Amino acid sequence: MVDLQGQYAKIQTEIDQKIASILQSAAFIKGKDVSDFEAELASYLGVKHVISCANGTDALQIAMMGLELQPGDEVITVDFTFAATVEVIALLGLKPVLVDVYPDTMTMNLEQLKAAITPQTKAIVPVHLFGQCADMEGIVQIAQENNLLVIEDNAQAIGADFTFKNGKTQKAGTIGHIGTTSFFPSKNLGCYGDGGALFTNDDVLAEKLKSIANHGMSTRYYYDRIGINSRLDTLQAGILRIKLPHLDTYAAARRKVADFYDQAFANCDQIITPKRAHFSTHVFHQYTLQLKQVDRSALQKHLNERDIPNMIYYPVPIHTQKAYQNFKFDSNQLGVTKQLCETVLSLPIHTEMEEEQMKYITKTVLAFFNK
Ligand SMILES: *Cc1c(COP(=O)(O)O)cnc(C)c1O
């Protein structure tokens, strides 16, 4: 699905030098590369503060702690997402409220969002799934009307641009009160282990988030609040500093693959190619097809036998997962997610794909349909 070795080979000299220099310095925790990376990412995103942490799941947890959400508060997010989004809500004793996604863009359904708001609702967590933004202008408006906080789960869409109706653009993750991301190796900006970060334009909140990620400490060994231990290693920050300048080129390479796939599948009526929302650029963390009246496991078998990696993101809606049964979600509202879980299929997409590989993949997929 990804080619991390091929990507590394192109930047190997710089990466190896950086790692060697950090080993020499032995500043493994909170070394200079960490603050340098935070400043460079903030400048790339056009946001005032970037606070790094250990992974994208922690980033979500730190965000919810920083916004002082209290046990019993309701947090609205989507049923069609990676479990981490809902997991942290449950772990903090908050109540996850799941809404459906639009069938075409696979991001938060705003009509359902509005209907799900109660006096207990405190926050909304839109997920910029597969590499494009949810409708942030609509979400921010609903949040303002109802005095709600917005945390953008931007683990999959770092670098995407959201365009407002007035033509102004902003980077994904910098529009809500807090944005969070993950630097898991296969994410669009991935390090060589675990990593994550939070973004905010709020100075006071930024200090708080920074302190929470570091045991709730203000000055050394003085604790203002209960925090956690969640830091980005200097080694990972150093690696990310080398990869960040390539992020837009990486996105362009992914988009080229997506364009090729789109064209190849345009005339196959059993394949629905991913819809691109008019208000967001797409950085294609995943290229996810929807299949119409297709035996998906037969297609997967066909691809597996021909050495074409493929994955189902995600096979089971959160609302039917065993771990979340005590929340008693209303499955009647979540039909689109259920349908997507049964019909989606993601194909390989990454920064190192050659045209020959794209041709082989599309030809093999179409052969299954006798095309
Ligand atoms: C990857 C991901 C996360 C979690 O990030 P980790 O760094 O793996 O903890 C959260 N939300 C979404 C949507 C993700 O894709």
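None of the values given here were measured: they were computed from a predicted structure. Quick note: residue numbers are just sequence positions, from 1. Counting convention: from 1, in listed order, for ligands and their atoms alike.
Using a 4.0 Å cut-off between charged nitrogen and carboxylate oxygen, K95 and D73 do not count as a salt-bridge pair. Between K301 and E305 a salt bridge is recorded (basic side-chain N to carboxylate O distance below 4.0 Å).
When non-hydrogen atoms are compared, ligand 1 lies under 4.0 Å from the side chain of V127 (C-beta onward) but not from its backbone.
With hydrophobic clusters built from ILVMFWY side chains whose heavy atoms lie under 4.5 angstrom apart, F183 does not share a cluster with Y192.
The closest approach between any non-hydrogen atom of K187 and ligand 1 is below 4.0 Å.
The heavy atom nearest to atom 13 (C) of ligand 1, out of those in V86, D153, D194, is found in D153. Compare S182, P185, A59, A54 by their heavy atoms: the one nearest to atom 8 (O) of ligand 1 is in S182.
Residue A84 approaches ligand 1 through these ligand atoms, each under 4.0 Å from one of its heavy atoms: 4 (C), 10 (C). Of all atoms in ligand 1, listed by their number and element, those nearer than 4.0 Å to a heavy atom of N55 are 7 (O), 9 (O).
Looking at G56 next to ligand 1, an N or O pair under 3.5 Å apart turns up.
F82 has its ring centre no less than 6.0 Å from the ring centre of F184.
With hydrogens and angles left out, the side-chain atoms of D3 and H350 include no donor and acceptor closer than 3.5 Å. Between the side chains of S346 and T288, a donor-acceptor pair is found at a separation under 3.5 Å.
Nearest non-hydrogen protein atom to atom 9 (O) of ligand 1 is T57 OG1, 2.5 Å. In terms of protein heavy-atom proximity, atom 15 (O) of ligand 1 is nearest to Q156 NE2, 2.8 Å.
Residues L209 and A63 share a closest heavy-atom pair of CD2-CA, 4.1 Å.
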